[in-house]
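Numbering starts at 1 and runs along the sequence shown.
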Amino acid sequence: QVQLVESGGGLVQAGGSLRLSCAASGLTFSSSAMAWFRQAPGKEREFVAAISRSGGNTYYADSVKGRFTISRDNAKNMVYLQMNSLKPEDTAVYYCAAGRTLFISSASTAYDYWGQGTQVTVSS
């Protein structure tokens, strides 16, 4: 049974930082592309960042480029999202996703497994 468990969310002031973590189990982690998506109240889920199986390639949404960094540790089956210079518009539930896709993608349909999400709230 595949499980993705996010942690690290919380309340932070604008300009602050948070580091999200996602622990994966029940899948061959090193064979999975990983991604972070988010969903704000009343909005559709949107792509944030993705990382290739080896970690050698990353891809970011324009809205977070230069502020967020995705990384992974294949030895620990973990993926991370370092979020700096947070803005109120970053407020959302953040989801970790895993996919057997060969290439990293911003499309939610490319990912097969999803976590339950962790809330990030940025106050102004």
Subject >> OG on Ser124 to CD on Gln13, rounded to 0.5 Å >> reply: 9.5 Å

Original post:
In Å and rounded to the nearest 0.5 Å, what is the OG1 to CG distance from Thr28 to Asn74?
Top reply: 11.0 Å

Strictly distance-based, threshold 3.5 Å: is any side-chain N or O of [X] a donor or acceptor partner for the main-chain N or O of [Y]?
X: Arg67; Y: Ser85; answer: yes
X: Asp112; Y: Arg100; answer: yes
X: Glu6; Y: Thr118; answer: no

Original post:
Looking at Tyr95, is Arg38 sitting on its ring face, NZ or CZ under 6.0 Å from the six-membered ring centre and within 45 degrees of the normal?
Top reply: no

**OP:** Determine, for Tyr80 and Arg72, whether the Lys NZ or Arg CZ falls below 6.0 Å from the six-membered ring centre while staying within 45 degrees of the axis.
**Re:** no

Original post:
Does atom CD of Gln116 have more than 12 heavy-atom neighbours from other groups under 6.0 Å away?
Top reply: no

Original post:
Within a radius of less than 6.0 Å around NZ of Lys65, do more than 12 heavy atoms belonging to other residues, nucleotides or ligands occur?
Top reply: yes

I need the minimum non-hydrogen distance between [X] and [Y], along with the two atoms involved.
X: Leu11; Y: Ser123; value: CD1-CB, 4.4 Å
X: Ala92; Y: Ala40; value: CB-N, 3.8 Å
X: Tyr113; Y: Leu27; value: CD1-CD1, 4.5 Å
X: Cys96; Y: Val79; value: SG-CG1, 3.7 Å
X: Ala33; Y: Thr101; value: CB-CG2, 3.8 Å
X: Leu20; Y: Gly9; value: CD2-N, 3.6 Å

Subject >> Parallel, tilted or perpendicular: ring planes of Phe68 versus Tyr94, cut at 30 and 60 degrees >> reply: tilted

Contact check, side chains of [X] and [Y], non-hydrogen atoms, under 4.5 Å:
X: Phe47; Y: Ser108; result: no
X: Tyr60; Y: Asp62; result: no
X: Met78; Y: Cys22; result: no
X: Val120; Y: Thr91; result: no
X: Met34; Y: Tyr111; result: no
X: Leu81; Y: Thr69; result: no
X: Trp36; Y: Ile70; result: yes
X: Ile51; Y: Ile104; result: no

Original post:
Distance only, no hydrogens: is a donor on one side chain within 3.5 Å (strictly under) of an acceptor on the other, for Ser17 and Asn84?
Top reply: yes

**OP:** Show the numbers, then the answer: is there a side-chain contact (heavy atoms from CB on, under 4.5 Å) between Trp114 and Arg45?
**Re:** CA-CA 12 Å; Trp114 295 81; Arg45 190 172 297 188; 3.1 Å; yes

Original post:
Under 4.0 Å between a Lys/Arg side-chain N and an Asp/Glu carboxylate O for Lys87 and Asp90?
Top reply: no

Original post:
Val64 and Val12: same hydrophobic cluster, using ILVMFWY side-chain contacts below 4.5 Å?
Top reply: yes

